[in-house]
> 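Below you will find the structure I want to go over with you.
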Amino acid sequence: MDALNALVALTNFVIVPAVAYGSQLALGALGVTLVYGILRFSNFAHGDTMAFGAMIVVLVTWGLQGAGVSIDPLPTALLAIPFGILGTIVLVLITDRLVYRFYRAQKAKPVILVIVSMGVMFIMNGIVRFIIGPGDQRFADGERFIVSARDFKEWSGLAEPLAIRTTQGITVVTAVIVVALLFWFLGRTRTGKSMRAYSDNEDLALLSGINPERVVMVTWIIVAALATIAGTLYGLDKSFKPFVYFQLLLPIFASAIVGGLGNPLGAIAGGYLIAFAEVAITYPLKKVLGYLLPESLAPDGLVQLLSTDYKFAVSFVILLIVLLFKPTGLFDGRAH
Amino acid sequence: MSDGLRNSLLFGAVALLIVGAGVIQGANTALLIVNMGLISAIMAIGVNLQWGFAGLFNIGVMGFVALGGLAAVLIAMPPTTEAWAAGGLGVIVALLLGAATVVLAVLVRLRMPKGPLRLLAMLVILIGGFFLYRSVFDPATSAVEAVNPAGTGYLGGLGLPVIIGWPVGGLLAAGAAWLVGKTALGLRSDYLAIATLGIAEITISVLKNEDWLARGVKNVVGLPRPVPYEVDLQASEGFVQAAADFGMDPVIASALVVKLAYAALFTAVLVVVLVGAQLALKSPWGRMMRAIRDNETAAEAMGKDVTRRHLQIFVLGSAVVGVAGAMMTTLDAQLTPGTYQPLRFTFLIWVMVIVGGSGNNFGSVLGGFLIWFLWVEVEPMGHVLMSLVTSGMADDSAIKANLLDSAAHMRMLTMGLVLLLVLRFFPRGLIPEK
């Protein structure tokens, strides 16, 4: 019984939140890794692209809620996501046309593009604050829990509760669907294959008649969709606040690099690795150990390895270790 | 037009902008801009050393600024003797234990033959050391933080003059930069960027959470000043008399004099840093740096130790940034970890360097003043603009309220726009590298 209780406590406080957070990170890292693979630079504006997409979703959600549209028990935001994706596609395509294309034609060094993306980051950040303000926005509605703590206790008769929020469930389901679609697209369709070819060897791809501008456009469209979905899911799960998306950059980049920049599979693995490490190391394990160890050995402290405020440090240390010992990432990325 | 004339005109134009702000908004505002402009210029020179001279992409500027600020606090604030008695020894022992653990682990890695045994030994040392460290550290810090938490609750500083904190801030930042550089400098530029970004975030979270060190988010306020206080000036008869001779109100005069005194101190530091950077740029060492930047492989083939030179200049540039960080904390007379944001303390400095002209020290100084001026003045200008735009709308219109509120966020847009425009049309900046 104690082992079961420990397992439930671990699931409730570590596994469920980490899976949801990891899915959000994986979607964000996929966007970063695609830009890196095709356009060959680290896009620092990605966090703010996520914020922009999520912002449109929030605005449309408010509109829908105001009009009385509802898909209870699911959150209305799901209906608004397509609008967010469309808006973000328009934004990134305009950005590419006005900003990035010039440097691409010049074959500018990647580091110049990174600095350019810093400028884009400032502007997107400004636009988001301009439209919706810097504050916290709530837009989640619908049923709050799939499994509520009380129901689970009654059903199982265990001392430990287990709660799964709707947003966590939706996050995971959406992430699985999106990733499946993405891999189907990259592996099975003509356009997807041309993207992979372009990413693997640009010159060879050009020789075989692949239109680079088209590849780049499709990439931005996919990145916009991924960013919007990741941003919305994160906003639903926690709350929407423009500044938070900038701070997500570090774990997102850590996920992409740990998995191997440019490798989509690596981005997903990296996302979950970072999320599990962050949650597990900053969660006080007292309860779990209390069930598992005999009473005499039960810990008196919280057994929290690091306080939650140091979660950046966790992703950073993992990043550093991987970079030092396997610089191309766990799954070989194309960065050498 | 010769370069010298063109540059003088550019500096003159920025000076005119600041004087203009002084005429419209008062001399006090103009001096505030000048003081922060001086500090920004020093930070920009530091970043220019790394990026302009050596092509190192450091976006962890914020962390080094904060470390400089920490040094100012640790040097200038009076020590909290009670807290030292309660847990000072424990904290020091714990920190030494932590350092010993890391050193031991590194030694094991260097000395033992490669294999699973070495990995095991390292893991045992690191994990065991961590718990040992926590078992000493946790009670000591809680004891320190329990001492008068509303007023002090930290170990305090050394109670020395705050100016000593400036070079110490440089040293602290240099030490951190050495550690970062040792681990991350071999990496590609993107990775170095992420690594420095991470270090900066971690530095800030340490400052926010380690209350025993500098009170965390409770902030350290009331740092001693290197210049006289306004009230003391107003109380001194000689000063009041002198102010009256100039026909000025003593209250206003005292505020101006204090700011001028800061400006004189900061100018002195800026001149030292600028002269040093110029001499370095023109020396064989500076030429070697640029050679390495332009072609690492060729420089390495010529027998230059690229990694060591990179580490050297990374440490130097970070030290300059650290000094500027300590100066800023001195000017504010407080350390507020919650206000350190990467957009303001990392990316804004980058905009200064790029706009001024990377690789040119005078460009960094110009960029520092110009961009700081814009950062401060865009908001009021935005308000004026928005009032004009919305003047035709009804007073209760929601759009009008939103537009007026959002003027505050114009800075981000402007900075991004300035950066993109300069990169596109003047990629070498306002004062290009020669």
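The figures here come from the full heavy-atom set of this structure, side chains too, leaving out hydrogens, waters and symmetry mates. So you know, we letter chains A, B, ... as the sequences are listed, proteins then strands, and number each from 1.
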> Counting only heavy atoms from other residues, nucleotides and ligands, does the tally under 6.0 Å from CZ of B:Arg424 exceed 12?
yes

> For the candidates B:Ile202, B:Ile59, B:Thr183, which exhibits the highest count of non-hydrogen atom pairs separated by less than 4.5 Å from chain A?
B:Ile202

> Under 3.5 Å, sequence neighbours excluded: what are the donor-acceptor pairs made by side chains of residues 129-137 of chain A?
residue	atom	partner	partner atom	Å
A:Arg129	NE	A:Asn125	OD1	2.7
A:Asp136	OD1	A:Ser239	OG	2.5
A:Gln137	NE2	A:Ile132	O	3.2

> Using only non-hydrogen atoms and a strict under-4.5 angstrom cutoff, which residues of residues 349-359 of chain B touch chain A?
B:Trp350, B:Val351, B:Ile354

> Under 4.5 Å heavy-atom distance to chain B, tell me which part of A:Met121 shows up: side chain, backbone, both or neither.
side chain

> When you look at CH2 of A:Trp62, are more than 12 heavy atoms from neighbouring residues, nucleotides or ligands closer to it than 6.0 Å?
yes

> Report yes if some heavy atom in the side chain of A:Phe102 is under 4.5 Å from a heavy atom in the side chain of B:Leu423; otherwise report no.
no

> Which bit of A:Ile257 is near chain B, if near means a heavy-atom gap under 4.5 Å: side chain, backbone, both or neither?
side chain

> Work out which heavy atom in B:Tyr191 is nearest to a heavy atom in A:Leu261; give both atom names and the distance.
CE2-CD1, 3.7 Å

> Within the 4.5 Å heavy-atom criterion, are A:Phe243 and B:Gln341 side-chain neighbours or not?
yes

> What are the two closest heavy atoms between B:Val206 and A:Tyr310, and how far apart are they?
CA-OH, 3.4 Å

> Verify the neighbour count for atom NZ of A:Lys238: are there more than 12 heavy atoms of other residues, nucleotides or ligands below 6.0 Å?
yes

> Tell me, do A:Phe122 and B:Leu420 make a side-chain contact under 4.5 Å, heavy atoms counted?
no

> Heavy-atom count around B:Lys182 NZ within 6.0 Å, excluding the residue itself: above 12?
no

> Report which part of A:Phe316 has an atom under 4.5 Å of a heavy atom belonging to chain B: side chain, backbone, both, or neither.
side chain

> Which bit of B:Phe347 is near chain A, if near means a heavy-atom gap under 4.5 Å: side chain, backbone, both or neither?
both

> Looking at A:Leu250, A:Leu98, A:Leu319, which makes the most heavy-atom pairs under 4.5 Å with chain B?
A:Leu250

> Tell me, side chain or backbone of B:Leu419 under 4.5 Å from chain A's heavy atoms, or both, or neither?
side chain

> Is chain A contacted by the side chain of B:Ile199, its backbone, both, or neither, given a heavy-atom distance below 4.5 Å?
both

> So which part of A:Val120 gets closer than 4.5 Å to some heavy atom of chain B, the side chain, the backbone, both or neither?
both

> Using heavy-atom distances under 4.5 Å, tell me whether B:Arg411 contacts chain A through its side chain, its backbone, both, or neither.
neither

> Counting heavy-atom pairs under 4.5 Å to chain A, which of B:Pro342, B:Ala184, B:Pro427 comes out on top?
B:Pro342

